[in-house]
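We name chains A, B, ... by the order of the sequence lines, and we start the count at 1 in each one.
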2 protein chains.
Amino acid sequence: MDNLSTTEENYIKTIYHLQQSDANVGTNEVAAKLNTKAASVTDMLKKLNAKQILNYEKYKGFSLSDEGQKIALGIVRKHRLWEFFLVEKLNFRWDEVHTIAEELEHISSGLLVERLDSFLGHPKFDPHGDPIPDSNGKIEVQPQINLVDLPIGSSAKVSAVGSQSSELLELLTHKNIAIGTSISVIRKFSFDNSLEIETNASIPFTISRELALALFVTLLKEN
Amino acid sequence: MDNLSTTEENYIKTIYHLQQSDANVGTNEVAAKLNTKAASVTDMLKKLNAKQILNYEKYKGFSLSDEGQKIALGIVRKHRLWEFFLVEKLNFRWDEVHTIAEELEHISSGLLVERLDSFLGHPKFDPHGDPIPDSNGKIEVQPQINLVDLPIGSSAKVSAVGSQSSELLELLTHKNIAIGTSISVIRKFSFDNSLEIETNASIPFTISRELALALFVTLLKEN
DNA sequence: ATAATATTTTAGGCAAATCTAAATTATTAT
DNA sequence: ATAATAATTTAGATTTGCCTAAAATATTAT
Ligand SMILES: [Mn+2]
Ligand SMILES: [Mn+2]
Ligand SMILES: [Mn+2]
Ligand SMILES: [Mn+2]
């Protein structure tokens, strides 16, 4: 069926991710994500269309086929398992792992992925809180909301970060917030949209709207 | 210095290995190892010569430069560390790991290699008994000889295998021989060049010359 | 509805890595 | 020393992925 090049895999994964949030993805968006040009994207669209990996009609649009979706999920699975490995076993920080996983995700051995998965104890989420598809491509979706949407008084657990930047990690480390940390919102200030929050075992403190927007949480209990 | 492609790295590593046993490596040998043609090798020689990775004079020959040697050792280091990882952590057999390591050795992150090395406890030898170069490219050479050259009565320890085939592993497993196993040669039969040997805790048995040729040992004591 | 703008596609070319077939140089056997 | 053979290099194509510039189509604004 398929022996895909690294380049083809990167296109497939990128199109998959873009289609998650935006149903009508265009060549320019893909080009921007892959640091290439729209003309190159068109070339690849034709190639992937010929391989039945996506459905493409010129000038009308394109989307991954079922087969393409499956391939994409396989790459995402590998990417996130390797990220987990790098953080849990090799002591990388989560702001360092994406680039390396971008290469590791293209190692072809299927057996390797499954052995790695076992070795890691079948993790469900990567270091950024993103779900790891299982070997069938199923994703466990945890109902999560943005911290800015968490009602005052509700308690929640940080489940994912919206950015993988060192800057975010630096701030979170300083504020003692990590994935798994319990948070409840005490007050919101309309002047600058900052939030007063309380975490596990500390006195309340204030965080910016920017920071809150970068945090996703799962509800624990309502008030 | 350089950002080398996977293809370039494979050429460099192959030339390095060939030059270990044969000082005058030719384009045909390289081509055979890389499943390509001599004409393609010539093209790459010119390219690597331009990059100062090897010294090349047309029709006269070629050999790795010091820089090239260093690059080769870096790739060998990665290859063998990953093989060790696959066997020790992911429970692969040593006849399964080469192909996978052939891909993993091209992952570029230098930090990854060093972290992996630490995680694995700075192993000195890969699962086939081949030495793992350290981060400076130094190789710990252990004085080893072929089992057929082991004098009768001498005791030795299996240190490396000369083939990575499943067939060899199957036979070794059946005979309860692994890297680390102690062996002494009791008798040699000139009719078929078979050897009677004794291992750790078993009664003596006979092995073929083919098998003996595939085993390398380090001397323990002489008689 | 038409014009202006944005998006997408095509045309034509380039670089890396490969190939086959032919030419060149080196080696060897007589 | 010459001829036969082997090894190596060049010539000319091919494939993949990428590019710029221009053409075609779609979208939007008037
Ligand atoms: Mn990638
Ligand atoms: Mn991630
Ligand atoms: Mn390789
Ligand atoms: Mn090995």
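- Judged by distance alone, with hydrogens and angles left aside, the side-chain atoms of A/Asp126 form no donor-acceptor pair with the main-chain N or O of A/Glu83 at under 3.5 Å.
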> When you check every protein heavy atom under 4.0 Å of nucleotides 4-10 of chain C, what one-letter string (B, S, -) results, 5' to 3'?
Replying inline: ---SBBB
Validation: residues 95-106 of chain A side-chain donor-acceptor distances under 3.5 Å, sequence neighbours left out:
| unit_1 | atom_1 | unit_2 | atom_2 | d |
| --- | --- | --- | --- | --- |
| A/Asp95 | OD1 | A/Arg93 | NE | 2.9 |
| A/Asp95 | OD2 | A/Arg93 | NH2 | 3.2 |
| A/Asp95 | OD2 | A/Ser166 | OG | 2.7 |
| A/Glu96 | OE1 | A/Arg93 | N | 2.8 |
| A/His98 | ND1 | A/His79 | NE2 | 3.1 |
| A/His98 | NE2 | A/Glu102 | OE1 | 3.1 |
| A/Glu102 | OE1 | A/Lys13 | NZ | 3.1 |
| A/Glu102 | OE2 | A/Lys13 | NZ | 2.9 |
| A/Glu103 | OE1 | B/Ser108 | N | 3.0 |
| A/Glu103 | OE1 | B/Ser108 | OG | 3.4 |
| A/Glu103 | OE2 | B/Ser108 | OG | 2.6 |
| A/Glu105 | OE1 | A/Lys13 | NZ | 2.8 |
| A/Glu105 | OE1 | A/His79 | ND1 | 2.7 |
| A/Glu105 | OE2 | A/Lys13 | NZ | 3.1 |
| A/His106 | ND1 | A/Glu9 | OE1 | 2.7 |
| A/His106 | NE2 | A/Asn10 | OD1 | 2.9 |
| A/His106 | NE2 | A/Glu102 | O | 3.1 |

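- Judged as a ring pair (Phe, Tyr, Trp, His ring centres under 6.0 Å), and not counting sequence neighbours, the contacts of B/Phe85 are A/Phe85, B/Trp82.
- The separation between B/Met44 atom CE and D/dT8 atom P is 17 Å, rounded to whole Å.
- Within the structure, ring-ring contact (aromatic ring centres under 6.0 Å, His included) contacts touching residues 108-150 of chain A (residues at least two apart or in different chains) are A/Trp94-A/His128.
- Nearest-nucleotide mapping onto DNA chain D: of A/Tyr11 and B/Ser40, the residue sitting toward the 5' end is B/Ser40.
- Between B/Asp22 atom CG and D/dA7 atom P there is a gap of 13 Å when expressed in whole angstrom units.
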With a 3.5 Å cut-off and sequence neighbours excluded, list the donor-acceptor pairs that the side chains of residues 135-143 of chain B form with protein atoms.
none

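- The distance between atom CD1 of B/Ile15 and atom P of D/dT8, rounded to the nearest whole Å, is 12 Å.
- Sequence neighbours left out, the pairs with a member in residues 108-124 of chain B that pass salt bridge (charged side-chain N to carboxylate O under 4.0 Å, His left out) are B/Arg77-B/Glu114, B/Arg77-B/Asp117.
- Rounded to a whole Å, the NZ atom of A/Lys37 is 20 Å from the P atom of C/dG13.
- Side-chain nitrogen and oxygen atoms of A/Thr36 include at least one within less than 4.0 Å of the OP1 or OP2 phosphate oxygen of D/dC19.
- Between the P atom of C/dA16 and the CG atom of B/Asn3 lies a distance of 13 Å, rounded to the nearest Å.
- Between A/Glu8 atom CD and D/dT15 atom P the separation is 15 Å, expressed in whole Å.
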